[in-house]
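First the structure, then my questions, so here it is.
All chains are named by letter (A, B, ...) in the order of the sequence lines, taking the proteins before the strands, and each is independently numbered beginning at 1. These numbers were taken from a predicted model, which means no experiment stands behind them.
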2 protein chains.
Amino acid sequence: MRPRAVRAPRFERQLPHRRRQALIDATIECLKRYGHEGLSIRTISAQAGVSVGLINHHFPNKDRLIAAAYRHFNDELVAGLTAAVERAPDSPRARLRAFLEASFSPPNLDPEVLAVWVVFWGMFRHSPLIRRVQRESYRGYVRLLHGMLEQLLPRAAAAGRRRARRARVSPLDLRFAAIGLTALLDGLWLEWCLEPGAFQPAEAVRLCEAWVGSLRRRVAG
Amino acid sequence: MRPRAVRAPRFERQLPHRRRQALIDATIECLKRYGHEGLSIRTISAQAGVSVGLINHHFPNKDRLIAAAYRHFNDELVAGLTAAVERAPDSPRARLRAFLEASFSPPNLDPEVLAVWVVFWGMFRHSPLIRRVQRESYRGYVRLLHGMLEQLLPRAAAAGRRRARRARVSPLDLRFAAIGLTALLDGLWLEWCLEPGAFQPAEAVRLCEAWVGSLRRRVAG
DNA sequence: CGTGCTGTTGTACGATCGTTCAACAAGGTC
DNA sequence: GACCTTGTTGAACGATCGTACAACAGCACG
């Protein structure tokens, strides 16, 4: 064989877009494996299989890479939940159930995922960049959950037409419902991740549905 | 004046117990101010007003200092809540209310306090030391909350004698109540710390009480 | 006042951090 | 096959990290 043809390339050039995404994925993977200590340029570049210098070619600095990873992580969560809701039958109850079941199942329900969130939250107060991403990215989640509750709560008599009686829900009740459901959801999710054996994911779904049910009775009953 | 008498001592010797506590306090203060990045030997020793070498004289290494700070932080929380409960009138409802009000008021309800918790949580999965402290220290909290619910839930007819009907609560219901209340509590607390303007602390107390009330209806009614 | 114990200091060390940058090379174009 | 663009490499830099340790000094005691 000709030596020239045998020699494998020492590296493979990638389009900036692809390489950036690979670095973001590596960042999240390092966060899962090593926690906060995994957030070093050398650890991340090793995980991505590239040299230390490459990160600063695609990102101006480390903080921007982390912020990009945070944005990606947030977006993936919202996208997954949204897809689950849209896959469900077109009834408010079914949509809520799909939302809850997606929240309490992989890939969201995972101690490793909690570990990632917790590191990001730890940066929240001291990194304006992270705070900015949080503010921009959390809106999708709030909108999704708020919209679901709005459709669900006024369900009084007219079964078929969901949006007919929208005016029945007072903004105050809707606000409380959203606050409470978010809290219960996050709290249960946190509990499960900290001690996965404590209860079944299906039990968490039922607890959340019971909460919304008690709200509905108070609003419409 | 005599020069000898004027010269101020360059430092003050402390009993090991006092100095250790001062270093623990400085650690928590640094955590509040600078987050995870405040956890450096130099930052902590500067906060405590001592030299860098002193920490390793009182603690074998940095991890042990952090673990001690975590234990102190946990113990303070449980002690504060316990004291609030014992200060309350001797009725299950009043005790629960005192517990909730203490949970949703300073010094617990503080974004800075969340920042401290979050950093500790971030170490949970990767530091056996932190995990050990967590396991040992969380028991007091669970026992307190569990005991309160146990007294509260069976309240059916006999108003005066709280422990008479204890057998009425099935272990299953009690377990669910504890899981749900903990989740709601933690979730609301988290929400408030992330966005202090979102709702009033008193509203959080009412949401928790409503949750326990709906449980009681299901159990005893 | 002298002595001893030990809490305290501050320099030093090696490791690792984020970032820079000159040199390299992959892969398309002509 | 020569050339060019640019994604990629890896050594080097200064800063900062946790820890070690010899010297210092506060203070109780005789």
message = Within the 4.0 Å heavy-atom criterion, would you say B:Val52 contacts the bases, only the backbone, or no part of the nucleic acid?
response = base
note = Per nearest nucleotide of DNA chain D, the residue lying toward the 5' end, A:Arg42 or A:Ser51, is A:Ser51
task = Could you state the atom-to-atom distance from CD of A:Glu12 to C1' of D:dT6 in whole Å?
result = 16 Å
request  = Rounded off to whole Å, could you give me the CD1-to-P distance for the B:Ile55 and D:dC17 pair?
outcome  = 12 Å
request  = Decide yes or no for A:Arg33 and B:His126: does some side-chain heavy atom of the first lie under 4.5 Å from some side-chain heavy atom of the second?
outcome  = no
ask   = Just how far, in rounded Å, is C1' of C:dT8 from CZ of B:Phe59?
value = 15 Å
task = Consider the side chain of A:Phe11, meaning its heavy atoms from C-beta on, and name the nucleotide among D:dT9, D:dC17, C:dT19 that approaches it most closely.
result = D:dT9
ask   = Should we say atom CD of B:Glu209 is surrounded by more than 12 heavy atoms from elsewhere, each under 6.0 Å from it?
value = yes
request  = For D:dT8, take OP1 and OP2 only and decide whether either is under 4.0 Å from a side-chain N or O of A:His57.
outcome  = no
ask   = Around B:Gln21, counting heavy atoms of other residues, nucleotides and ligands shown, do more than 12 lie under 6.0 Å from its CD?
value = yes
request  = Would you mind reading off the distance between A:Gln21 atom CD and D:dG7 atom C1', rounded to a whole angstrom?
outcome  = 18 Å
ask   = Hey, does A:Arg19 reach any base, or is it just sugar-phosphate, or nothing, if we go heavy atoms under 4.0 Å?
value = sugar-phosphate
key: A:Glu112 CD: over 12 foreign heavy atoms closer than 6.0 Å   = yes
inquiry  = Distance criterion of 3.5 Å, no angle test: do you see the side chain of A:Arg13 paired donor-to-acceptor with the base of D:dT6?
reply    = yes
query = Which part of the nucleic acid, if any, lies within contact of A:Leu65, taking any heavy atom under 4.0 Å across all strands shown: a base, the sugar-phosphate backbone alone, or nothing?
reply = nothing
inquiry  = With a 6.0 Å cut-off (strictly less than), is the heavy-atom count around CZ of B:Arg131, excluding the residue itself, greater than 12?
reply    = yes
message = From CD1 of A:Ile41 over to C1' of D:dT16, roughly how many Å is that when rounded to an integer?
response = 16 Å
Length of the CD-P vector between A:Gln14 and D:dT9, whole Å = 10 Å
task = Send over the distance from A:Ile44 CD1 to C:dT19 P, rounded to a whole Å.
result = 11 Å
query = Atom CZ of A:Arg10 and atom C1' of D:dT8: how far apart are they, to the nearest Å?
reply = 9 Å
